[in-house]
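Report on the structure given below.
First listed ligand is number 1; within each ligand, the first listed atom is number 1. Remember, predicted model here, so these are calculated numbers, not experimental data.
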Amino acid sequence: MTEDKEAVVNHSSDVNVYMIQAAVLRKKGGPLKIESLKLEGPRDDEVLVRLVASGICHTDIDFCDHWYEADHAVVLGHEGAGVVERVGKSVKSVKRGDHVVLSYQSCGSCPQCRSGHPAHCQHFYEANFGFQRLDGSNALERSSVHGHFFGQSSFATHSLATERNLVKVSKNLPLKVLSPLGCGLQTGAGTVMNSLKVPKGASIAIFGTGAVGLAAVMAARLAGADPIIGVDIRPKRLRLALRLGATHTIDNRRQDVAARIADISGRGVDYVVESTGHPEMHQLAIGVLNPHGVVALLTGESGMDSLPEGRKTLGIIQGDAVPQHFIPKLIKLYQAGQFPFDRLVKFYDFRDINRAIADAKRGDTIKPVLRISEA
Ligand SMILES: [Zn+2]
Ligand SMILES: [Zn+2]
């Protein structure tokens, strides 16, 4: 097949526009509606990706329910995986037909990006939550809808990404399984491995055992932490935490977390990964910390508390991971059976996106993944 004839709108003046389907948010709280939209073809530094799958992350849900301001319609989604359909002139690292996993966006030119820390990009907010390119343009302009969420807007049949937020992956692995690596799993595992660098034998508690927290549990097991204490309000998730590497679990609706942690460890813990975002859990995390211990806050909070005896809190974004290095590392661990994140995933057809979101909100599904097209 040449040049995707069926996808191109053949207006004589305008052959560089693709008709795509995307789940559009027009009202706070949703529902998302699948609509036909016009997406510009890739610019010189962009890559058009046909999405095979997209994970749904809590940031998508929080944006829909709490942060959306209804001033313009948007396309969410930031755990895309798919096949490269077309590349811009200056793109070197991928070609048509390559399989890619999409991750967060960064500018590439600020001091943090240049020193290899794109998760600390000075333009992180605009590049991921700006719903436009960094130059202010928007590839869905012709449909009066805003895209470019996390440099992808992956709740769609097609996305525009750049080399900075895509990772080429082997064609031997199913893309629909790999899609959630781009945000939630990278964040949980990267927090333990890159940000905290949890050493063997350290004690750790993980507050919230959703996808991010369970990725942290698996990474803590790989690091040799002991004990690894999972804390959540949902017994089903706690049972899964035990199977994935937690040595103990605490149901914080039924048990006093601080007292149980003291029972288990004989004191407090050296590390807490706080993934729930509840202020009382943030306080509780500080309360159970050993001297020189660290609380990792995964909610975008700055972590500026000054605490006694060398304790500290760290605000962490995307587990300080450079996607092009870290995602291949997680894939290797997955293939070796040491990072079995596929056990968190439940698949849904793209048209069932609102049901997938509802299941994730109720906690019935840990990591919903939408099947968008065949690989
Ligand atoms: Zn930057
Ligand atoms: Zn996310």
Inset, instruction - Decide, counting backbone as well as side-chain atoms, whether Cys121 has an N, O or S atom less than 2.8 Å from the Zn ion (ligand 1). - result: yes
Inset, instruction - Report yes if the distance between the aromatic ring centroids of His146 and Phe131 is under 6.0 Å, otherwise no. - result: no
Legend entry - Between Phe149 and Phe155, ring centroids under 6.0 Å: no
Inset, instruction - Could you point out which residue of Ile229, Asp251, Asn252 forms a side chain to side chain contact (heavy atoms under 4.5 Å, CB included) with Val257? - result: Asn252
Inset, instruction - Return yes when atom CD of Glu69 has more than 12 non-hydrogen atoms of other residues, nucleotides or ligands closer than 6.0 Å, and no otherwise. - result: no
Inset, instruction - Please determine if the Zn ion (ligand 1) has an N/O/S atom from Cys113 lying under 2.8 Å away. - result: yes
Inset, instruction - Using 2.8 Å as a strict upper limit, say whether an N, O or S atom of Cys183 approaches the Zn ion (ligand 2) that closely. - result: yes
